[in-house]
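In what follows, a single structure is set out as structure tokens and then discussed.
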2 protein chains.
Amino acid sequence: MSDNENALSRLTIGKVSTMAGLPTKTVRYYADIGLVVPRGRSDSGYREYGHEELQKLRFVRSARSFGFSVDACRELLSLYEDNGRASREVKDIALQRLQEIEQKMQELKSLHRELSRVAQLCPGDDAADCPILSTFAQSPGELARIPTGSDVGSL
Amino acid sequence: MSDNENALSRLTIGKVSTMAGLPTKTVRYYADIGLVVPRGRSDSGYREYGHEELQKLRFVRSARSFGFSVDACRELLSLYEDNGRASREVKDIALQRLQEIEQKMQELKSLHRELSRVAQLCPGDDAADCPILSTFAQSPGELARIPTGSDVGSL
DNA sequence: TATAGACCTTCCAGTAACTAGAAGGTCAAG
DNA sequence: CTTGACCTTCTAGTTACTGGAAGGTCTATA
């Protein structure tokens, strides 16, 4: 692994982002916000990434694909650094995310139901009135609740 | 309706937003971006909304709750202004939205599947290694797709 | 009439997580 | 030695609001 180590400890941003499956812009952004910082800089100022940073970037990419926020990734990453500790905490975060996903799916389901209902009513005729529009113009409470910011807190 | 018309054509932002079920901040924002502009201003500079604007705000609220973007609302609203024309166009937009919702639901489903799988592997023990972390650190392509900005909606 | 407090105004800044683009430096190949 | 791909920093834009400050207005009550 010593050969590999040498080769992998001098990755430019382009290479590491390809290997991690992220846009360079994103990797640079992660460096800016201190999520995954390069191991160092070359004489000419190029960011240098090593194997560990590559791992972290892959980690972040995956966690993001699971819907974890960047802040959650930061948390996860620090646990990851602690290596093997705090399995409990990690699992808790995952379970919480799972619940959020379930709730989001519920919302999408009812959205889909409502929208397909009104869409079916619509004749799709150039001349005719469109029931979609009149459905939308009703007073609140008769339709799916709007998900606003204040909603989350109070309900 | 003349009494009503008079009463309803002098709604302040607080009243109209309550009646539409939106935060005042949001209604002000909609005015700023020209989505739903007040009918006029009082002597003291207060925004004045009428019945028609109330209808539009309700319309937007509903459409947004269906996941339509503000831009889509603008489009819908202009069709709505045309009143009864272009049923075809409205239906098209709705059907397109429907497809996007379906796709998003698919994504959430696979996300849920993967995450619950790795979460189940995790013992939730303070001492033990957490498989969630090692799962995340794998190379790209083995896991769910990453949702980038081009993705539908928010999570 | 004074004043409290509920409402309204504007403007500025911030959110999440990037993305786009400009202006310019660096590096390897031909 | 030049071309073109790569790298740098910087600013600004995206979506759809939300929060807050500083200050004007309106109304009810003491």
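Quick note on labels: first sequence line is chain A, next is B, and so on, each numbered from 1.
- The shortest side-chain heavy-atom distance between A/L54 and A/Y49 does not fall under the 4.5 Å cut-off.
- Between B/L77 and B/K56, some side-chain heavy-atom pair lies under the 4.5 Å cut-off.
- Legend: salt bridge (charged side-chain N to carboxylate O under 4.0 Å, His left out) pairs involving residues 41-50 of chain B, not counting sequence neighbours, sorted by first then second residue: B/R10-B/E48.
- Annotation: side-chain contact (heavy atoms from CB on, under 4.5 Å) contacts of B/K15 (sequence neighbours excluded): B/L11, B/T12.
- Both A/Y29 and A/S42 lie close to DNA chain C; mapped to their nearest nucleotides by heavy-atom distance, the more 5′-ward contact belongs to A/Y29.
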Q.
Counting primed atoms plus P, OP1 and OP2 as sugar-phosphate and everything else as base, spell out the protein contacts along nucleotides 6-11 of chain D at 4.0 Å heavy-atom distance: B, S or - for each nucleotide, 5' to 3'.
A. BSBB--

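- For the side-chain contact (heavy atoms from CB on, under 4.5 Å) test, residues two or more places apart in sequence or in another chain that qualify with A/L95 are A/K91, A/L98, B/A119.
- Residue B/I33 contributes atom CD1, which lies 17 Å from atom C1' of C/dC11 at whole-angstrom precision.
- Remark: A/S69 engages no residue in a side-chain hydrogen bond (donor to acceptor under 3.5 Å, both in side chains) (not counting sequence neighbours).
- In this model, the phosphate group of D/dC17 is approached by a side-chain N or O of B/Y30 to a distance below 4.0 Å at OP1 or OP2.
- Checked by atom type and distance alone, the side chain of A/S62 pairs as donor or acceptor with a backbone atom of A/R58 at under 3.5 Å.
- Separating the CG atom of A/D43 from the P atom of C/dG25 is a distance of 18 Å, rounded to the nearest angstrom.
- Ranking D/dA16, C/dC18, D/dC17 by closeness to the B/S69 side chain, first place goes to D/dA16.
- Rounded to 10°, the helix from C/dT1-D/dA30 to C/dG30-D/dC1 has 20° between the axis fitted to its first five pairs and the one fitted to its last five.
- Residues B/R64 and B/C73 meet the side-chain proximity criterion, which asks for heavy atoms closer than 4.5 Å.
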